Q: 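Please find one structure pasted underneath; my questions will follow.
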Amino acid sequence: MAEGHLLHRAARDMTALLVGAPVRVTSPQGRFAAGAAEVDGRSLDAAEAWGKHLLLAFDAGRVVHLHLGLAGTIARVSSPDAPPRPQARARFAGDRAAFDVYAPATCEVGDRALRDRVVARLGPDPLRPDADPERVWAGLRGRADPVGAALLDQALVSGVGNVFRAEALHLVGVHPARPSRDLTRAEFEALWATLARVMRQAVEDGRIATRPGGRRPSEARWVYKQGRCGRCGGGVEEAVIGGRTSYACPRCQPRRQAAPLVRS
DNA sequence: GGGTAATGTGGAA
DNA sequence: TCCACCTTACCCA
């Protein structure tokens, strides 16, 4: 259940709690036993997130690559001596904390070239300071597919999942069915800034809560899985866009762009 | 207790 | 476009 924010949160916490010292790496559940043995006891040099991927650089050029897929989770454990649940695919334990990985789609070990191959497939990540939004703008202008589909394409922009897509498009008033290339420059700039803001906030919170004041988690979003729009109260529209269910308010996110200002 | 969608992705058809 | 896969949560009976 992870969009990019959870990987960045894990990278941040691992940097603070594990990097710079040897890490005990095990596979309680067993399926990562061989990989764990390759890095167990090595010093962790860096923990980095890019999109929905987590890359752990150990000494001797060994790299662990994690992707949580649909069901995976990473749990931070403050007492590293407490035993993990037996289903944990991997445990990374330092002196002050441990991180347990459950149900990842990918959990593998490679060399530095593995890191480069992973990153080469990914577009700019709004959570990374080195992200270049102009690359995303250029990409959008060449696409006829719905912007809601484009936002889920990790090669165009990485780290955005179904919740960030729905919430960011709502916040900027853009309907997910709008063709990518029809977005105005102003709409794109607002979209990029909004993605960066809500994703950064989600790293802080450890959850995606875009709507202030919502008490229960189910109320913390404007349109995602909401029957009614949190802004205007109108019905939320569901449609499959880019292979996933999209959520939008047709009143706050008009399906048609305003008519061009200049017409011959 | 079964069925299935889910904050995801890659590969086959 | 469909299906498989990782696991859990929620729906239904």
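Note that the structure is predicted; figures quoted are calculated from it, not measured.
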Q: Please state how far atom CD in Glu108(A) lies from atom P in dT9(B), giving the value in whole angstrom units.
A: 15 Å

Q: NE2 of His67(A) versus P of dT7(B): gap in Å, rounded?
A: 14 Å

Q: Side chain of Lys52(A) only, heavy atoms from C-beta on: which candidate in dA6(B), dT8(C), dT9(B) is closest?
A: dT9(B)

Q: When the C1' atoms of dA5(B) and dC3(C) are considered, how many whole Å apart are they?
A: 15 Å

Q: Given atom CG of Asp100(A) and atom C1' of dT7(C), what is their separation to the nearest angstrom?
A: 16 Å

Q: So which protein nitrogen or oxygen atoms get under 3.5 Å of nucleotides 1-5 of chain C's nitrogens or oxygens?
A:
none

Q: Do His170(A) and Tyr224(A) have ring centres separated by under 6.0 Å?
A: no

Q: Answer yes when Glu38(A) and Arg62(A) have at least one side-chain N-carboxylate O distance shorter than 4.0 Å, and no when they do not.
A: yes

Q: Measure from the side chain of Gln154(A), starting at C-beta and using heavy atoms only, and say which of dT9(B), dC6(C), dT8(C) lies closest.
A: dT9(B)

Q: Tell me every residue that passes side-chain contact (heavy atoms from CB on, under 4.5 Å) with Arg141(A), counting only those two or more places apart in sequence or in another chain.
A: Trp137(A)

Q: I'd like the P distance from dG1(B) over to dC6(C), given in whole Å.
A: 22 Å

Q: To the nearest Å, give me how far apart CD (Gln87(A)) and P (dA9(C)) are.
A: 11 Å

Q: From the set dT8(C), dG8(B), dT7(B), return the single nucleotide nearest to any side-chain atom of Arg221(A).
A: dT7(B)

Q: Just jot down the side-chain contact (heavy atoms from CB on, under 4.5 Å) partners of Ala150(A), sequence neighbours excluded, or say none.
A: Leu140(A), Arg143(A), Asp145(A), Leu156(A), Ser180(A)

Q: Salt bridge check, Glu187(A) against Arg178(A): does any charged N sit closer than 4.0 Å to a carboxylate O?
A: yes

Q: What is the distance, rounded to the nearest whole Å, between atom OH of Tyr224(A) and atom P of dT7(B)?
A: 3 Å

Q: Using the salt bridge (Lys or Arg N to Asp or Glu O under 4.0 Å) criterion, which residues pair with Arg128(A)? Sequence neighbours excluded.
A: Glu48(A), Asp130(A)

Q: Counting only non-hydrogen atoms, which of residues 227-241 of chain A are less than 4.0 Å from DNA chain B?
A: none

Q: What is the separation between atom OH on Tyr247(A) and atom P on dA5(B), rounded to the nearest whole Å?
A: 12 Å

Q: Just to verify, what does Glu238(A) make a salt bridge (Lys or Arg N to Asp or Glu O under 4.0 Å) with, not counting sequence neighbours?
A: none

Q: Would you indicate which nucleotide in dC6(C), dA6(B), dT9(B) comes nearest to any side-chain atom of Thr245(A)?
A: dA6(B)

Q: Sequence neighbours excluded, which residues qualify as side-chain contact (heavy atoms from CB on, under 4.5 Å) partners of Arg244(A)?
A: Leu70(A), Leu152(A), Asn162(A), Arg165(A)

Q: Under the side chain to side chain donor-acceptor pair (under 3.5 Å) rule, collect the residues that match up with His65(A), sequence neighbours excluded.
A: His53(A), Glu108(A)

Q: Test question: given the 4.5 Å side-chain rule for I, L, V, M, F, W and Y, name all other residues clustered with Val119(A), or answer none.
A: Trp50(A), Leu55(A), Val63(A), Leu114(A), Val118(A), Leu122(A)

Q: Could you list the donor-acceptor pairs under 3.5 angstrom formed between side-chain atoms of residues 19-27 of chain A and any protein atom two or more places apart in sequence or on another chain?
A:
unit_1: Ser27(A); atom_1: OG; unit_2: Gly30(A); atom_2: N; d: 3.1
unit_1: Ser27(A); atom_1: OG; unit_2: Phe32(A); atom_2: N; d: 3.0
unit_1: Ser27(A); atom_1: OG; unit_2: Arg89(A); atom_2: O; d: 2.6

Q: Identify the pairs formed between an N or O of the protein and an N or O of nucleotides 10-13 of chain B at a distance under 3.5 Å, and give each distance.
A:
unit_1: dG10(B); atom_1: OP1; unit_2: Arg121(A); atom_2: NH1; d: 2.8

Q: Out of dC6(C), dT9(B), dT7(B), which has the shortest distance to the side chain of Ala71(A)?
A: dC6(C)

Q: With Gln201(A), which residues qualify under side-chain contact (heavy atoms from CB on, under 4.5 Å), at least two apart?
A: Glu204(A), Asp205(A)

Q: When you measure from the side-chain N and O atoms of Arg244(A) to the phosphate of dG8(B), is any distance below 4.0 Å, counting only OP1 and OP2?
A: yes

Q: Expressed in angstrom and rounded to an integer, what is the separation of Tyr102(A) atom OH from dA6(B) atom P?
A: 25 Å

Q: Choose from dT8(C), dT9(B), dT7(B) the nucleotide whose nearest atom is closest to any side-chain atom of Arg85(A).
A: dT8(C)

